[in-house]
Amino acid sequence: MTDYLSGLNEPQRQAVTHGDGPLMIIAGAGSGKTRVLTYRIAYLIENGVDPFRILSLTFTNKAAGEMRQRIEKAVGYEARNIWMGTFHSVFAKILRIEARYLGYTSDFSIYDTDDSKSLLRSIIKEYKLDDKVYKVNVVFNRISGAKNRLVSADDYLNNALIQADDAAARMPEIGRIFKAYTMRCFQANAMDFDDLLFNTNILFRDFLEVLNKYQHKFKHVMVDEFQDTNVSQYLITRKLSAVHRNICVVGDDAQSIYAFRGANIENILNFEKDFPDVRTIKLEQNYRSTQTIVNTANSVIARNKAQLKKEVFTHNDEGTLIDVIKANSDNEEGRLIATAIFEEKMQQSLTNSHFAILYRTNAQSRAFEEALRKLGVKYRIVGGLSFYQRKEIKDLLAYLRFIVNQQDEEAFKRIINLPKRGIGDTTVAKIAVTAAEHNVSIWQVTGHIHQYVSGRSTTPIEQFATLIKSYMLLVEQGKDAYEMASHVAKTSGLLRELYEDKTVEGLSRYENIQELLNAIKEFVDNADNEDKTLSAFLQSVSLLTNADEPDDDGDTDRVTLMTIHSAKGLEFRNVYIVGMEEDLFPSQMMLESRQDLEEERRLFYVAITRAERKLTFSYAESRYQWGRLKMCEPSRFLLEVDQRYLNTSKTTRSLNERETSPSPMAFLKNMTPRSATSRPAASSAHVPSSDFKASDTSTLSEGQRVEHPKFGFGLVSQIDVNGTDRKAVVKFDTAGEKTLLLSFAKLRILE
DNA sequence: CTTCTTTACCTTTTT
DNA sequence: GGTAAAGAAG
């Protein structure tokens, strides 16, 4: 028996040593899931399974990398040979090998979401459809959703139900757009994120010899975060494991937070149908958190109806109560949290990396960044506008993409006039039309422009084509990714343009390009990467997840700021869940569009269970949104927590209200989220809210004096009309220079 | 064709 | 408030 097994509890040990046959592990939060998965792979290798024949699918590349390291510790360098990565990266790799079966070349481009939307925008325009009706985001989501259910463009068009749906939504042309989009991607030798999975399914469906090859190759298939896989992903793994039937899935239905992108909890139920001989093991003991945290999490998730039976418990100590912090504004919330972290760090002698601030949306990070910076606390932000989404980075990458794949329409559009060559939109459109008319590629037209078009702009176009050809020649001569990238940066004029820009942004862009070049150098120097071509680099870079961002320097002792979604799978000693306000968390959009409070609640559950020792909730009463102040109510989730576990004494600290304010507990109990009319009485010093009657504000105009139940008297300085949404900008006497944007309903006209 | 100005939309979450 | 598309002017 291997020695690492001794540290495991019984269900963990069973999961690790389970031999052949399907296995499902339902792993509660903090139950040592990663450990089990790691040991299980190590165990298989020790028992003679060839690492080459293990496929392990994880949620982020980083998770894969860490797991690989841990396995390496147990079984040695052989761990390098395991097929490990995200669904997208592993199947992109397979598609690259088998591209020709699908009519692609192995140099196919991967369109990110921006590319996809840009292409959709073009198509909607070309079809002369109203882009107010056909909103790119909506169209994109419809198409993406279809592909994740393995519905092709033709299926989509032939499906009466879907067509009726689209007609009802007054977007009957989505099917046609879908079809055109698919064709354009194919012509561009490009796949979007969904295509990587969709096309893998097609590959395995239509080319049995290919399916066979991989079915026999992978003796063991493991899927982590199984609750977040969609149908398309599930079918791939099911097919791959059909021969050996050694499929091991690990998941927790309580942590399913990606239904919005097609993840399907049903997969867990289907799994038992598809593999009737499955062995199911539940890991229910939490090793991560205090009893208070575990119990809090349980009290929250217990409200959900859709869930599997599971009893998460811990033998850890009770721990401290959960602090609840109330702030006047988002900025104050930032200051209070930053201060709390600073003090806690000093008192408990902790390091920055013990702390994480988790929020619902990326936009919330700003206030915390500012406050932490002022206190001199180092932090890192995961996600948000990632490095690879910055303009200058995408520009250089577009050059590289086009050099590798001249069919890449989106890359072409990006670089044809960058730096400025005097080639405008009209010319680009002319090229596109000409290409379509003659049924040739854009590159064919660009490369032989005089054959197709005559005009003044032919000279710069010829120069552009010559430039690209010179780059292509270098690739053929075997230059690696780094040599190519630095050569292109220098000779294309991109770097020069940024160098000449002496503004702060220009400087930072210049540095970003340098940083990208460093990253490429690292890629080339990394011995693990056998293929050092530009093409290989591009494939790897387009599938980085936002958890995969390189740390900007060696200083890893930083407070972590990120969305709850990004925090999945991580743990921190102290966790601050901030922005606990109705309409923010739970998100208004989620409630409106999908009416799915349960997924938001699972998200809350995930956030809570990230904490090991100490948890803090905070919310603000007002928040800047689109540059204007907006009033907020505490989240209903604060009421869903078993109140015994909360310490609300800190909610008073920030109150700049009168002595008459109620105790924080009373405040929490009285509040009724989502009903704007019944604010707690005591928060209005001027008018008890029960007496407050809004007057008819249809005649509200600038310069009028008004009264608000909470803020008292003020002067309307401006009327803000945004579509049907009319709001008043009111300057309040009490709030000093504060100007608030308020809906009419809460205002009473005086005089 | 470029540059400057105006307008609209935006904020869920991510591969 | 910040971006990106559209409009106006040179």
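Everything quoted here is computed from the prediction, not taken from an experiment.
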Quick one: ring pair (Phe, Tyr, Trp, His ring centres under 6.0 Å) partners of A/F572, sequence neighbours excluded?
-> none

Contact span of DNA chain C against chain A, any nucleotide atom under 4.0 Å from a heavy atom, 5' to 3', runs C/dG1 to C/dA6

Using side chain to side chain donor-acceptor pair (under 3.5 Å) as the criterion, list what pairs up with A/E581, not counting sequence neighbours.
-> A/R623

Could you tell me which residues satisfy side chain to side chain donor-acceptor pair (under 3.5 Å) with A/Y234, sequence neighbours excluded, listed by chain and number?
-> A/D274

Do you know the tightest heavy-atom contact between A/Y619 and A/M580?
-> CB-O, 3.2 Å

Would one find a side-chain N or O of A/N362 under 4.0 angstrom from OP1 or OP2 of B/dT14?
-> yes

Across all chains, not counting sequence neighbours, the side chain to side chain donor-acceptor pair (under 3.5 Å) partners of A/K239 are none

Whichever of A/N417 and A/F193 has its nearest DNA chain B nucleotide further upstream toward 5' = A/N417

Pull out every stem in DNA chain C, meaning runs of 3 or more consecutive Watson-Crick or G-U wobble pairs with both distances under 3.5 Å.
-> B:1-9 with C:2-10

B/dT15 phosphate, OP1 or OP2, under 4.0 Å from A/T60 side-chain N/O | no

Identify whether any heavy atom of A/Y258 sits under 4.0 Å from a base atom; if not, whether one sits that close to sugar-phosphate; answer base, sugar-phosphate or nothing.
-> sugar-phosphate

Non-neighbouring partners of A/Y134 that pass ring pair (Phe, Tyr, Trp, His ring centres under 6.0 Å), sequence neighbours left out = none

Does any donor-acceptor pair link the side chain of A/T113 with the base of B/dT15 at a separation under 3.5 Å?
-> yes

Is A/S89 touching bases, backbone alone, or none of the nucleic acid, heavy atoms closer than 4.0 Å?
-> nothing

Indicate, with a heavy-atom threshold strictly under 4.0 Å, whether A/K132 touches base, sugar-phosphate, or nothing.
-> sugar-phosphate

When all nucleic acid strands are considered with a 4.0 Å heavy-atom cut-off, which category describes A/K125: base, sugar-phosphate, or nothing?
-> sugar-phosphate

Residue pairs fulfilling salt bridge (charged side-chain N to carboxylate O under 4.0 Å, His left out) with at least one residue in residues 82-92 of chain A, sequence neighbours excluded | none

Atom pairs under 3.5 Å, N or O on each side, protein against nucleotides 3-7 of chain B: can you list them with distances?
unit_1 : atom_1 : unit_2 : atom_2 : d
B/dT3  : OP2    : A/K420 : NZ     : 3.4

Which sits closer to the 5' end of DNA chain B, A/F140 or A/I423, going by the nucleotide each is nearest to?
-> A/I423

Test ring pair (Phe, Tyr, Trp, His ring centres under 6.0 Å) applied to A/F140 - qualifying residues, sequence neighbours left out | none

Who pairs with A/Q233 by side chain to side chain donor-acceptor pair (under 3.5 Å), at least two apart in sequence or on another chain?
-> none

For A/K33, enumerate each residue passing the salt bridge (charged side-chain N to carboxylate O under 4.0 Å, His left out) test, keeping only those at least two apart in sequence or located in another chain.
-> A/D224, A/E225

